[in-house]
Amino acid sequence: MDLSLLNDRQREAVKTTEGPLLVLAGAGSGKTRVLTHRIAYLIQENGVAPWNILALTFTNKAAGEMRERVGNLLGAGVNDMWVMTFHSCCARILRSEIEQLGYERTFVIYDDADQQSLLKKIIRDLNLNDKIFTPRDLSGKISEAKNQSLDALSYLRDGYAQKEVVAVFQAYQRQLKQCNALDFDDLLLFVLQLFERFPEVLEKYRKKFHYILVDEYQDTNLVQYHIVHKLASLHRNICVVGDDDQSIYGWRGADIRNILEFEKDFPGASVIRLEQNYRSTEVILNAANIVISNNRSRKKKELWTQQKGGEPIDVYEAMDERDEANRIANRILEGARYGDRRYDDYAILYRTHVQSRVIEMYLQSYDIPYRVYGGLSFFQRAEVKDIVAYLRLLQNSADDVAFLRIINVPRRGIGDSSVDALQAFASARTQPLLHAIMQLQDGDIAKAAREKFSAFAEMLSDVYMQFGVKSFPDVVEYLLGVIGYDAYLQADRKENYEARADIVKEFVGYIREFTEAMDETKVDVLSAFLENVALFSATDQMDDQNGRVSMMTLHSAKGLEFPVVFLCGLEDGLFPSMQSAYDPEKLEEERRLCYVGITRARQKLYLSHAKQRMLYGKITPAMPSRFLTELEEALPESSKPAPKPTQLKTAPPQQAFGISMHALKTGTQQSAIRHEASKPEMKPVEHDVSYTPGQRVRHKAFGEGTVLAVNGGGASSIVEIAFDNGANKKFAAAFAPIEVL
DNA sequence: ATCGATAGAGTTTTT
DNA sequence: CTCTATCGAT
């Protein structure tokens, strides 16, 4: 096994195969390389069988990449190795074990939209006030309960949840079971329950997995933590890789303590830090370090790089979101048409999906090819969801959510009243809707409706028969023909017909591709396909050299890298988001998100914010993000004493720290002052102290130094510090992250 | 039962 | 602004 391309730390992480190991891998420090080499090393040097290895990731893309790279290293098949996402892994285990929990193996996975519509129905059934109890709100609470606790019900009760919430939770769980469906959280939770209630099942899997690897460990939630813990309890060869500075899924239940307390959870664990960054220039890394140094709760890490210097970071203050988009488009044009950049060198990152629209418009107007990841994805298109709903009903006849979606799509003259009648009939017998149709007798519901329902059921059963004789894609084509989907699309809305028909065509093509890539008829294609659809994620569709500019949210960008990155919409209220402004923990998570964004860039980073932005049809003024302010604090010129706006505007671009100020903020300092003034409690106490010359201090980014002079007084006082590393810097005393020693 | 118009509400991030 | 839910007309 050739480990010569690895540095010492990386090599150590590869070779420390026995016992628990925590690899703290900073951004761009080669963690994927370590993971892949480690797996290859286990197999080739230690003679470990591939089927004794479990590698867990968060996205299919990461899993696929890992599998491919290990394959390249070994030059051999790695088919028996479990390299997959947490959710796929759990789905796979449940596919063979779930009957013990009283579900059928044909269970389907409910995505967010399914969950919402089920909850909507429950809210109606329970006669709750839908102004107070919204599906969104409730699904959040339910998910939180399932993530935070092994016993979600008592979590809700002990947490003083409203009795309605508890009632909805119970109804929801009951209905899921009746539909033979699991939501995302159940996928994980049920595996854990399985392990707890049936020790022999746990025994089977923990015997199987001699070596376990977990990527992005900082993003695991409590349930995932327990699953990993149990699986690793026999062999104890567990290697987790993560970076607490990149923990950005706290809102989804990820618990940063999992990584912070790994050494406590696995006594005798080795810890290896990867701190050399191979991705970014010094300029970019510096900016990242400065931003993240404003966070208090973190493991101390110092990322460094050999790539000294680098292109300056470009900060742009746009008039509005169109100006911002226009400039981004222009920069890309410059680089791609007249420079030596390719379109796929570029990524445009933003906090929220809504920001993508304007940017798309401008890219289109300049004929710049791009691709938006996430957002309204292919699988969320109505046409695709319709077809998927049919397939789900074929796979699992109890899937009421799917049933309700398509019972009248295309129109077959079955209206709300008929459906209501059927629902009443079915729920009286606690039966799934499709099953209930078979039980209908004369007089149960209107005769005309009954006939239509029966025809529907017969049609489905006819399609189902085709599975025996036709290939999966052909069954789908057959289905589309039988229900007259194309005619429906034509009749429904003429203007959109072509686009919608294309979606259907594309989807059928996707089904063909998927089927061909499958392992013969080894597994159930339909069930594998539906699982793939349900667990598909935003970045899974990514291909590296697609000749297009990539656009995505900061969350989706984690784990990726690009030569040039635009980080846009750096405005307070947008990024960091409004709802995190007054919560220090949330704010730190936003800051980590900013850190993730900056560290995606290899060579050039563009930052931008708009002075005003159109938001839900209203023009809203916006101040620069505090993260921009934090970056500027490290700059000599922004620390000039209480500057008049005009002075600032004419100041020359300053590149000492690699940040050229194309538009020197008149608003930036003011915004900082406004924020501090309106929320004084946000300001760390030590910032109020007045500094005196000769004092020893520590700056979060520059280290220790001595105070040279203090100019001015009060909020606008400027402190000049000679740092031990030789640098002399000035700071606005009120805002700089300085502590007195 | 279906269609169209109009009012209303809501947006952070996602496996 | 855009998606959705609801209501009234056919």
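Order of the sequence lines sets the chain letters (A, B, ...), proteins ahead of strands, with each chain counted from 1.
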- Query: What interatomic distance, in whole Å, is found between C1' of dT4(C) and the corresponding atom of dT13(B)?
  - Reply: 23 Å
- Item | Distance test, side-chain N/O of H353(A) to OP1/OP2 of dT14(B), below 4.0 Å | yes
- Query: Any side-chain N or O of T553(A) under 4.0 Å from OP1/OP2 of dT12(B)?
  - Reply: no
- Message: Which residue in the set R298(A), R591(A), R592(A) passes salt bridge (charged side-chain N to carboxylate O under 4.0 Å, His left out) when paired with D245(A)?
- Response: R298(A)
- Message: Over 60° means perpendicular and under 30° means parallel, so tell me whether F58(A) and F86(A) are parallel, tilted or perpendicular.
- Response: tilted
- Message: Using a 4.0 Å heavy-atom cut-off, does F58(A) contact any base of the nucleic acid, only the sugar-phosphate backbone, or nothing at all?
- Response: sugar-phosphate
- Touch check for S88(A), heavy atoms < 4.0 angstrom, all strands: base, sugar-phosphate only, or nothing? nothing
- Check the side chains of Q175(A) and Q173(A) for a donor-acceptor pair under 3.5 angstrom, ignoring hydrogens and angles. no
- OP1 or OP2 of dT13(B) sitting under 4.0 Å from any side-chain N/O of K558(A)? no
- Message: It should be established whether R412(A) places a side-chain nitrogen or oxygen under 4.0 Å from OP1 or OP2 of nucleotide dA1(B).
- Response: no
- Query: S418(A) side chain N/O closer than 4.0 Å to the phosphate oxygens (OP1, OP2) of dA1(B)?
  - Reply: yes
- Query: With sugar-phosphate meaning primed atoms plus P, OP1 and OP2, does K120(A) contact a base, only sugar-phosphate, or nothing at under 4.0 Å between heavy atoms?
  - Reply: sugar-phosphate
- Using a cut-off of less than 4.0 Å, is there contact between a side-chain N or O of R136(A) and OP1 or OP2 of dT4(C)? no
- Query: Quick one: is dT13(B) close enough that its OP1 or OP2 comes under 4.0 Å of any side-chain N or O from S577(A)?
  - Reply: no
- Task: Determine the interatomic distance between C1' on dT12(B) and the same-named atom on dA5(C); round to the nearest Å.
- Result: 24 Å
- Item | Any donor-acceptor N or O pair under 3.5 Å, side chains D400(A), Q423(A) | no
- Task: Scan Q579(A) against the nucleic acid and name what it touches under 4.0 Å (heavy atoms): base, sugar-phosphate only, or nothing.
- Result: base
- Task: Please check the phosphate of dT2(B) (OP1 and OP2 only) for any side-chain N or O of N408(A) closer than 4.0 Å.
- Result: yes
- What does S580(A) touch in the nucleic acid at a heavy-atom separation under 4.0 angstrom: a base, only the sugar-phosphate, or nothing? nothing
